[in-house]
Amino acid sequence: MYDYLIVGSGLYGAVFAREMTDKGYKCLVIDKRNHIGGNVYTENIEQINVHKYGAHIFHTSDKRVWDYVNQFARFNNYINMPIADFKGERYNLPFNMNTFEQMWGVTEPDEAKAIIEKQREEAGIKEPKNLEETAISLVGRDIYEKLIKGYTGKQWGRPCDELPPFIIKRLPVRFTYDNNYFNDIYQGIPIGGYTKMVENMLCGIEVLLGVDFLKNRQELSAKAKTVVFTGAIDEYFDYKYGALEYRSIRFEEKILDIPDFQGNAVVNYTDSDTPYTRIIEHKHFEFGTGPKTVISYEYSAEWQKGDEPYYPVNNEQNNTLFEKYLAEAQKTPNVIFGGRLGEYKYYDMDKVILSALNKTKNI
Ligand code: UDP
């Protein structure tokens, strides 16, 4: 008999298992995949740690979370500085003086601010209500049209005026020459890969791979006093109120016999015609210098039952539906729901870790 059966060995499950094991509880972690790590899983291919389920750049301003992850990995000093490609025109991201100079030829912050203000006024936006209006207010129409509209449409499969503003507010807007994609104090990639980091978190804890909880939930639940479920909350409840919406991603991975493909880890293709959203060149996350390179094209798609859910679509309609599942979860004894899928939140990695730390702290 276990105290906790933890379903899913991603960050939420691994942190939960580590903390409760350290408090003296007996934990069993299961995962339906044949590897640990959930979507932060990395695989070593040609001496390069490949982010198999999409790029993961660790960033946080929370010292407690930073100190926590540093117990399990040493982090390099990678700073994310993606490039945007709009039909061959290249721009720095996030939106900063480099972008404004490339777009308008301006070199002074006040000139850039004046252009943005003019474009916002021309659009007649007073109080932005959706992603489109928020984006135009923040960076003006030119940048919205070239760097946001097409990319966001591809990534979310919905027009920008039907998406919530918080999605675009993830990106900094700066009137300095600073290409750091994040504002956080701490940033980096675990040296040796995320899989190694999660392996260290799970050290000494029983893990069973290739076990699908939902296919055998009664027998598996009987193994523990409490279940910690980190999969999709609507799936747990057999979609009884209807399915929540997610975005899924298809990755096309290529190993190339050249040392460098694009000179940067992340290049976003922001026009609507290019079918993929971005190309990741994994070696640049770790300053790799080997003779080969591995790249991944990311194609965004609407999630259908049976696909991997990656991003919750946190619009009003889905958040309202999620509240129903949450109420159901709160009535379900001895089951804890956690993580991006369990809590249906577009969480970054540090927020997932914090959520697991807060949950276990109170037990
Ligand atoms: N975004 C954009 N153009 C870009 C990069 C991002 O319009 O070149 C917008 C887009 O709406 C995206 C959001 O910013 O969904 C958040 O991007 P982020 O890079 O944080 O997404 P993630 O890395 O989580 O996929």
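If you read the sequence from its start, that first residue is 1, and numbering goes on from there.
- You'll find the ring centres of Tyr236 and Phe337 inside the 6.0 Å limit.
- Across Thr42, Val50, Ile189, a single residue satisfies side-chain contact (heavy atoms from CB on, under 4.5 Å) together with Phe285, and that is Ile189.
- Ion pairing between Lys118 and Glu121 fails under the 4.0 Å rule for side-chain N and carboxylate O.
- A donor-acceptor pair under 3.5 Å links the side-chain atoms of Thr332 to the main chain of Glu328, judged by distance alone.
- A pairwise comparison of heavy atoms in Cys27 and Thr21 identifies SG-OG1, 3.6 Å as the closest pair.
- With sequence neighbours excluded, the residues forming a salt bridge (Lys or Arg N to Asp or Glu O under 4.0 Å) with Asp67 are Lys63, listed by chain and number.
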- Message: If you apply the rule salt bridge (charged side-chain N to carboxylate O under 4.0 Å, His left out), what do you find for Arg247 with Asp307, and how did you get there?
- Response: CA-CA 9 Å; Arg247 293 296 289 173; Asp307 293 345; over 6 Å; no

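- Screening residues 138-148 for side-chain hydrogen bond (donor to acceptor under 3.5 Å, both in side chains) gives Glu89-Lys146, Trp104-Asp142, Gln119-Asp142, Glu132-Tyr144, Arg141-Glu145 as the qualifying pairs, with residues at least two apart or on separate chains.
- The shortest distance between side-chain heavy atoms of Glu206 and Val29 does not fall below 4.5 Å.
- Judged by distance alone, the side chain of Ser355 and the main-chain N or O of Lys351 form no donor-acceptor pair under 3.5 Å.
- A salt bridge between Glu302 and Arg158 is present, with a side-chain N of the basic residue lying under 4.0 Å from a carboxylate O of the acidic one.
- Using a cut-off of 4.0 Å between Lys/Arg side-chain N and Asp/Glu carboxylate O, Lys26 and Asp3 are scored as not salt-bridged.
- Taking a 6.0 Å sphere around CD of Glu316, one finds it holds 12 or fewer heavy atoms contributed by other residues, nucleotides or ligands.
- Judged by distance alone, the side chain of Gln262 and the main-chain N or O of Asn264 form a donor-acceptor pair under 3.5 Å.
- Between Asp85 and Arg90 there is a salt bridge, with a side-chain nitrogen of the basic residue lying less than 4.0 Å from a carboxylate oxygen of the acidic one.
- Within 6.0 Å of NZ in Lys23 there are more than 12 heavy atoms belonging to other residues, nucleotides or ligands.
- A centroid separation of less than 6.0 Å is found between the aromatic rings of Trp156 and Tyr346.
- Tyr246 has its ring centre no less than 6.0 Å from the ring centre of Tyr310.
- Side-chain atoms of Leu131 and Ile148, non-hydrogen and from C-beta on, do get closer than 4.5 Å to each other.
- Between Tyr299 and Tyr276, the ring-plane angle classifies as perpendicular under the 30° and 60° cut-offs.
- Between the side chain of Thr277 and the main chain of Glu298, a donor-acceptor pair closer than 3.5 Å is present.
- For NZ of Lys283, the number of neighbouring non-hydrogen atoms (other residues, nucleotides, ligands) closer than 6.0 Å is greater than 12.
- Electrostatic pairing of Arg33 and Glu308 counts as a salt bridge here, judged by a charged N lying under 4.0 Å from a carboxylate O.
- Between Phe75 and Tyr186 there is no side-chain heavy-atom pair separated by less than 4.5 Å.
- Remark: side-chain polar atoms of Asp348 are not paired, donor with acceptor, to backbone N or O of Asp350 under 3.5 angstrom.
- Ile83 and Val139 end up in different hydrophobic clusters when Ile, Leu, Val, Met, Phe, Trp and Tyr side chains are linked at under 4.5 Å.
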